[in-house]
> 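Before I ask anything, here is the structure I am working with.
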Amino acid sequence: MEGKTVLVTGGAGFIGSNLANTLAEDNEVVAVDDEYLGTPENLNDDVAFVDKSVLDDDLPTEGVDVVFHLAALSSYAMHEEDPCKGVRVNIEGFVNTVVQARDDGCDTVVYASTSSIYGDRTEPSPEEMDVETRTGYEASKLGRERYGEYFSHHYDMTMAGMRFFSVYQGYGGNEEHKGEYANILAQFADDIANGRSPKVYGDGSQTRDFTHVDDIVRGLVAAAEHELDGIYNLGTGESYDFNTVVELLNEELGTDVEPTHVENPIPDYVYVHDTMADISKMKAATGWEPQIEFREGVEQLCAQYK
């Protein structure tokens, strides 16, 4: 993508800032963020930062060619603390952003959804499978997808909903500010590197499709360039259990830190135990596929501690 004017909401957050910084190399990029989960320190100097909420009525949408809507309350806990706020930010904020962009002539939107709505899956999850929601977070993202369908059908906009799998980068990147909300891979690495025993929920057999943020950024850009419409997975098609993650981190860091197994504080009926993406739809539509193999990602994540 070159020569475009781009708006990234949640643009100072983990994924948003990586996207904004990458796009700013060849485009004019505005990052909107209210600093609830993001920090402008994540952004390069050539990204214009605007301190606003996606609920505001004067977003900088004039002249924008593409909107990447990544702003969200992005965890189960955040929604349980205040379900109404979760709805306002994740659904109303999405609608508010898209309406303002549409009114200013933008018809291309790429937005963040979640793989959590697939539930427990040890087999690759295709976009066409039936989904359900067990948490406020999942309900808000599925609601976002339904409004995406509305804008697509009623206003002839291209609305690409991207279901992210477990996105990581590590504390050496733009993920550190998330703290307890950072990817479990980043948290485990920081614990082990500093001699702390990582806390593993249950027996550690749960699995995640860990996807490097660089591959997520490439997928988001590909969705915009191809003006995709509908729902697409961004993952790797591979999964690793938490016990294996701890072993690989110890191997890479040259340590021997044992995990501490604790009772899972999240109820079993809402906890997603296993995830794995079916990426065939995205690959067929754009040619995109992940480039960073998991062990390479672990090596990159651990490099800061050496």
Side-chain angles (χ1 to χ4, degrees), residues 9-10 12-16 33-39 53-56 69-97 111-121 125 130-148 161-168 171 175-188 190-191 198-211 216 231 234-235 242 245 259-275:
T9 69
F14 165 40
I15 299 174
D33 203 296
D34 63 3
E35 299 187 54
Y36 175 66
L37 290 174
T39 171
S53 165
V54 290
L55 294 168
D56 290 342
H69 186 82
L70 306 183
L73 295 190
S74 57
S75 79
Y76 163 75
M78 293 176 191
H79 286 260
E80 292 308 299
E81 290 170 3
D82 190 344
C84 292
K85 182 177 180 180
V87 171
R88 286 194 297 271
V89 173
N90 284 16
I91 299 181
E92 184 181 344
F94 172 64
V95 172
N96 183 53
T97 301
Y111 64 93
S113 186
T114 179
S115 62
S116 295
I117 57 178
Y118 290 124
D120 293 329
R121 294 273 298 180
S125 299
D130 292 335
V131 296
E132 61 181 11
T133 62
R134 294 158 297 278
T135 69
Y137 168 64
E138 294 167 1
S140 71
K141 286 302 184 75
L142 187 58
R144 181 180 286 192
E145 290 185 5
R146 294 295 177 258
Y147 270 99
M162 315 307 290
R163 290 178 178 168
F164 298 158
F165 282 71
S166 190
V167 188
Y168 74 95
Y171 287 174
E175 192 175 5
E176 184 171 5
H177 74 279
K178 293 189 70 174
E180 64 178 307
Y181 297 114
N183 186 277
I184 199 68
L185 186 59
Q187 295 187 52
F188 282 2
D190 196 65
D191 284 340
K199 292 182 179 179
V200 176
Y201 293 165
D203 63 4
S205 63
Q206 62 267 62
T207 63
R208 294 289 180 272
D209 185 332
F210 293 105
T211 310
I216 295 292
I231 304 300
L234 288 183
F242 285 14
V245 167
T260 300
H261 293 272
V262 300
E263 183 177 352
N264 191 343
I266 302 174
D268 288 342
Y269 59 86
V270 299
Y271 184 67
V272 177
H273 195 275
D274 304 287
T275 67

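As the structure is a prediction and not an experimental result, all values here were calculated from the model. Sequence positions, counted from 1, serve as the residue numbers for this chain.
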> If I take atom CD from residue Glu132 and atom CG from residue Leu142, how far apart are they, to the nearest 0.5 angstrom?
10.5 Å
> Roughly how far, to the nearest 0.5 Å, is OG1 of Thr114 from CD of Glu145?
9.0 Å
> Which heavy atom of Gly93 sits nearest a heavy atom of Leu55, and at what distance?
N-CD2, 3.7 Å
> Return the minimal non-hydrogen interatomic distance between Lys141 and Ser113, and the atom names on each side.
NZ-O, 3.5 Å
> When the aromatic ring centroids of Tyr111 and Phe94 are compared, is their separation below 6.0 Å?
yes
> Using atom types as modelled and distance alone, determine if a side-chain donor or acceptor of Gln187 lies under 3.5 Å from a backbone N or O of Ala182.
yes
> So how far is it from Asp209 CG to Phe164 CZ, rounded to the nearest 0.5 Å?
13.5 Å
> Run through Thr211, Ile216, Val167 and flag the one making a side-chain contact (heavy atoms from CB on, under 4.5 Å) with Leu234.
Ile216
> Any idea how Phe210 and Tyr168 line up, ring-wise: parallel (<30°), tilted (30 to 60°), or perpendicular (>60°)?
perpendicular
> Testing the basics here: between Ala71 and Gly10, what is the closest heavy-atom pair and its distance to 0.1 Å?
CB-N, 3.6 Å
> Ring of Tyr36, cation from Lys85 - is the NZ or CZ under 6.0 Å from the centre and inside 45° of the axis?
yes
> With a 3.5 Å distance limit and no angle check, can you tell me whether Arg144 reaches the backbone of Asn90 through a side-chain donor-acceptor pair?
yes
> Side chains of Asp268 and His273: is there a donor and an acceptor less than 3.5 Å apart?
no
> Could you state the interatomic distance from CG (Asn183) to CD (Glu175), rounded to the nearest 0.5 Å?
5.5 Å
> To the closest 0.5 Å, what do you measure between OG (Ser53) and CG (Asn96)?
8.0 Å
> Between Thr207 and Asp274, do the side chains contain a donor N or O and an acceptor N or O under 3.5 Å apart?
yes
> Of all heavy-atom pairs between Ser74 and Leu37, which one has the smallest distance, and what is that distance?
OG-CD1, 3.8 Å
> Looking at Arg134 and Val272, would you say the former's side chain and the latter's main chain have a donor-acceptor pair under 3.5 Å?
no
> Where do Pro259 and Val200 come nearest, in terms of heavy atoms and distance?
CB-CG2, 3.7 Å
> Are any non-hydrogen side-chain atoms of Val262 and Thr260 less than 4.5 angstrom apart?
yes
> Given the ring of Tyr271, does Arg208 sit roughly above its face, with NZ or CZ under 6.0 Å from the centre of the six-membered ring and within 45° of the axis?
yes
> Run the side chain to side chain contact (heavy atoms under 4.5 Å, CB included) test on Tyr118 and Val131 for me, step by step, so that the C-alpha distance in whole Å, both residues' side-chain angles and the decisive distance to 0.1 Å come before the verdict.
CA-CA 5 Å; Tyr118 290 124; Val131 296; 3.8 Å; yes
> For His261 and Lys199, indicate whether the former's side chain and the latter's backbone hold a donor-acceptor pair under 3.5 Å.
no
> Gln206 side chain to Tyr201 main-chain N or O, any donor-acceptor pair under 3.5 Å?
yes
> What distance separates Met78 CE from Thr135 OG1, expressed to the nearest 0.5 Å?
12.5 Å
> What's the shortest heavy-atom distance between Tyr137 and Leu73, and which atoms?
CD1-O, 3.5 Å
> Indicate whether any N or O donor in one side chain lies under 3.5 Å from an N or O acceptor in the other, for Ser116 and Glu138.
no
> So, the side chain of His69 versus the backbone of Thr9: is there a donor-acceptor pair under 3.5 Å, distance only?
no
> Please examine the side chains of Thr275 and Arg121, heavy atoms only from C-beta on, and report whether any two atoms are closer than 4.5 Å.
no
